[in-house]
Amino acid sequence: FDTTIGPLQYADQFLQLSIKLPSSNIYGVGEHVHKQYRHDVNWKTWPLFSRDIGPSGEMHNLYGVQTFFLCLEDNTGASFGVFLMNSNAMEFAVQPAPAVTYRTIGGILDFYIFLGNTPEQVVQEYLKLVGLPMLPSYWSLGFQLSRWNYGSLDEVKRVVERNRAIGLPFDAQITDIDYMEEKKDFTYDKVKFQDLPNFAAFMHDYGQKYIIILDPAISTKNLVDGSPYGSFVRGESKKVWVNESDGVTALVGEVWPGETVFPDFTNPDCTSWWVEECKLFYNIVPYDGIWIDMNEVSNFIKGSIKGCAQNDLNYPPFTPNILENLMFSKTLCMDAVQKWGKHYDVHSLYGYSMAISTQKAIEALFPGKRSFLISRSTFVGSGKYTGHWLGDNAAIWDHLRWSIPGMLDFNLFGIPY
Ligand SMILES: *[C@@H]1O[C@H](CO)[C@@H](O)[C@H](O)[C@H]1NC(C)=O
């Protein structure tokens with residue numbers, strides 16, 4: 001482990017270490033659009049910080065954070081892997097030496113190194129450390145259909161029936177947030193999706209399954225049609241939201257439903273509330289699996305409705321080359337408080353913690369059975385709880401092509417589903 005190529009920097013909010021490598025066969029570190037599986041060593045800098053942004057093909061930070069890379073040393077297969085256990089915003093720079101640099105703005109330099117006779121052995125060792133992947137249900141290996149804005153349940157049914165009629169073997173129908181009432185979790189549109197409580201039965205009659213989407217952000221509107229918005233009211237009474245820097249006031253932002261608070265999935269009380277909400281909704285609209293989205297965590301305004309204070313967390317002395325060069329762009333203020341720590345340190349763990357809480361809900365709903373869970377944001381170890389999809393691609397040929405290195409990357413990261 002040769003680090004003599006550059007100096008070790010170990011300052012407050014700036015830690016950097018470079019590693020000289022025996023070969024340019026370098027794979028991994030994400031989440032990014034890698035247009036080819038093997039890294040281009042010609043001075044590339046990849047920012048890591050979970051972010052709600054579509055895969056454009058630029059070198060920006062994307063939905064999740066994975067700090068593991070694999071290096072294939074020679075044509076005998078001898079390989080090693082390097083994993084930095086660190087959740088802070090960082091950069092991973094690759095240069096022709098060949099060498100790589102980890103440049104992080106918090107935490108510690110906690111490295112794990114894995115040696116193997118083959119790349120597979122290295123990945124096996126890595127996954128023994130971070131957790132083996134969940135075993136998906138058999139049906140979730142089948143084709144699935146989804147889109148935003150079917151417009152009505154009648155239209156969803158027409159799509160299902162059209163595909164049944166031509167004998168297309170598809171196993172699951174998914175609905176996006178347009179099934180909800182005013183885009184609120186755990187509600188359904190009583191007009192356009194009036195018959196949703198019977199939809200799972202409609203699918204099951206044909207041996208098919210039904211998957212719902214859930215977003216983390218919870219609308220602060222107390223009332224829906226004059227009746228209380230129960231999910232918000234119950235969460236509010238248990239104080240399960242991410243707080244502002246004072247540690248006691250819920251941080252308010254804006255997502256699809258309008259003004260929202262953000263569940264702190266690192267809080268065990270929050271997990272209990274979330275599991276209960278999933279059960280309550282299941283009792284009204286039975287479903288077979290869950291798709292979790294917007295968990296980078298996405299916020300349509302910068303930081304909070306009150307803005308973010310001028311301090312070293314919101315404006316660190318050095319900001320990695322992330323989108324907009326602003327830590328709280330499209331997310332929460334960095335000095336916001338969660339049970340696991342300041343948002344500055346745990347930001348990229350939001351989707352990871354939400355997947356753990358949601359997997360608990362699935363286990364409670366389907367005891368002893370495998371189900372379905374995919375998460376847009378992932379972190380090291382997420383594969384133990386969830387699968388992943390590569391995000392809001394535009395269904396163009398480039399995006400299809402880049403999804404191949406994307407899938408290979410996520411196999412290295414222990415998220416084969
Ligand atoms: C947020 O504030 C509430 C009090 O309003 C408190 O009960 C809760 O534990 C706080 N959560 C965190 C993560 O600080």
Side-chain angles (χ1 to χ4, degrees), residues 1-32 34-49 59-62 64-130 312 316-322 325 344-345 348 379-381 405 408-409 412-414:
F1 194 68
D2 180 356
T3 64
T4 57
I5 190 162
L8 165 72
Q9 308 266 2
Y10 212 89
D12 193 23
Q13 295 186 280
F14 191 91
L15 295 78
Q16 173 174 287
L17 182 84
S18 299
I19 310 161
K20 175 95 166 65
L21 302 176
S23 121
S24 299
N25 300 319
I26 305 162
Y27 307 86
V29 171
E31 182 178 10
H32 304 110
H34 290 144
K35 298 182 182 174
Q36 54 175 54
Y37 188 33
R38 186 166 71 163
H39 270 272
D40 177 352
V41 296
N42 191 27
W43 300 102
K44 301 292 180 206
T45 298
W46 299 93
L48 284 80
F49 196 52
M59 293 179 59
H60 56 70
N61 45 320
L62 210 51
V65 167
Q66 301 288 342
T67 58
F68 172 79
F69 77 85
L70 182 136
C71 181
L72 174 64
E73 292 181 30
D74 54 38
N75 57 17
T76 71
S79 301
F80 64 91
V82 175
F83 160 49
L84 172 58
M85 177 82 137
N86 184 301
S87 62
N88 285 93
M90 68 175 86
E91 290 175 352
F92 179 73
V94 188
Q95 57 160 299
V100 297
T101 301
Y102 284 99
R103 183 179 299 131
T104 181
I105 61 169
I108 60 170
L109 293 178
D110 186 6
F111 281 102
Y112 293 74
I113 299 163
F114 311 89
L115 309 176
N117 294 323
T118 62
E120 288 84 352
Q121 272 185 12
V122 170
V123 174
Q124 282 166 9
E125 289 166 31
Y126 173 56
L127 299 191
K128 252 184 217 164
L129 178 75
V130 304
D312 279 351
F318 172 80
T319 300
N321 190 28
I322 58 175
N325 275 288
Y344 182 83
D345 295 313
S348 296
F379 188 74
V380 174
L408 295 172
D409 276 344
L412 287 184
F413 306 149

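This one's a predicted model, so the numbers in the text were calculated from it and none came from an experiment. This chain uses plain numbering: 1 for the first residue, then up along the sequence.
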Discussion item. For M59, is the CE atom crowded, meaning more than 12 foreign heavy atoms sit under 6.0 Å from it?
Written reply: yes
Worksheet item: OG1/T3 to OH/Y102 distance, rounded to the nearest 0.5 angstrom?
Response: 13.5 Å
Worksheet item: With a 4.5 Å heavy-atom cut-off, do V41 and Q95 have their side chains touching?
Response: no
Worksheet item: Can you tell me how far CD of E31 sits from CG of L62, rounded to the nearest 0.5 angstrom?
Response: 4.5 Å
Discussion item. So, taking the atom named CD in Q9 and the one named OG1 in T101, what distance separates them when rounded to the nearest 0.5 Å?
Written reply: 10.5 Å
Worksheet item: Heavy-atom distance under 4.5 Å between the side chains of F318 and E91, does that happen here?
Response: yes
Response to the item:
Correct closest heavy-atom pair for C71 and S23 would be SG-O, 3.7 Å
Worksheet item: How about N321 and T45: does a side-chain donor come under 3.5 Å of a side-chain acceptor?
Response: no
Discussion item. Could you check whether any side-chain heavy atom of S87 comes within less than 4.5 Å of a side-chain heavy atom of V65, counting everything from C-beta outward?
Written reply: no
Worksheet item: Taking all non-hydrogen atoms of both residues, which atom of N86 and which atom of G106 are closest, and how far apart?
Response: ND2-O, 2.9 Å
Discussion item. Just so I know, are the side chains of L17 and F1 near enough to count as touching, which here means a heavy-atom distance under 4.5 Å?
Written reply: yes
Worksheet item: Can you find a pair of side-chain heavy atoms, one from D409 and one from Q66, that are under 4.5 Å apart?
Response: no
Worksheet entry | H39 side, atom NE2; L70 side, atom CG - distance, nearest 0.5 Å | 10.5 Å
Discussion item. Can you confirm whether M90 sits close enough to P47 that some side-chain heavy atom of one is under 4.5 Å from a side-chain heavy atom of the other?
Written reply: no
Fill in: Y344 side, atom OH; D312 side, atom CG - distance, nearest 0.5 Å
8.0 Å
Item to complete: First locate atom CG of L8, then atom CG of L109, and finally report the distance between them rounded to the nearest 0.5 Å.
Response: 6.5 Å
Practice prompt. Can you spot which of F92, F413, F83 makes a ring pair (Phe, Tyr, Trp, His ring centres under 6.0 Å) with F69?
Written response: F92
Worksheet entry | Any donor-acceptor pair under 3.5 Å from D2 side chain to K20 backbone | no
Worksheet entry | Student check: side-chain heavy atoms of V29 and T67 closer than 4.5 Å | no
Practice prompt. Could you check whether the rings of Y126 and F114 sit parallel, tilted or perpendicular, using 30° and 60° as the cut-offs?
Written response: perpendicular
Item to complete: For the residue pair Y27 and P119, establish whether any side-chain heavy-atom pair is separated by less than 4.5 Å.
Response: no
Worksheet item: Between G81 and F68, which heavy-atom pair has the shortest distance, and what is it?
Response: CA-CE1, 3.8 Å
Practice prompt. Could you tell me which non-hydrogen atom of N61 sits nearest to which non-hydrogen atom of I322, and how far apart they are?
Written response: OD1-CA, 3.5 Å
Worksheet entry | Closest non-hydrogen atom pair between L84 and I108, with its separation | CD1-O, 4.2 Å
Item to complete: Please name the pair of heavy atoms, one in S79 and one in L72, separated by the smallest distance, quoted to 0.1 Å.
Response: OG-CD1, 3.4 Å
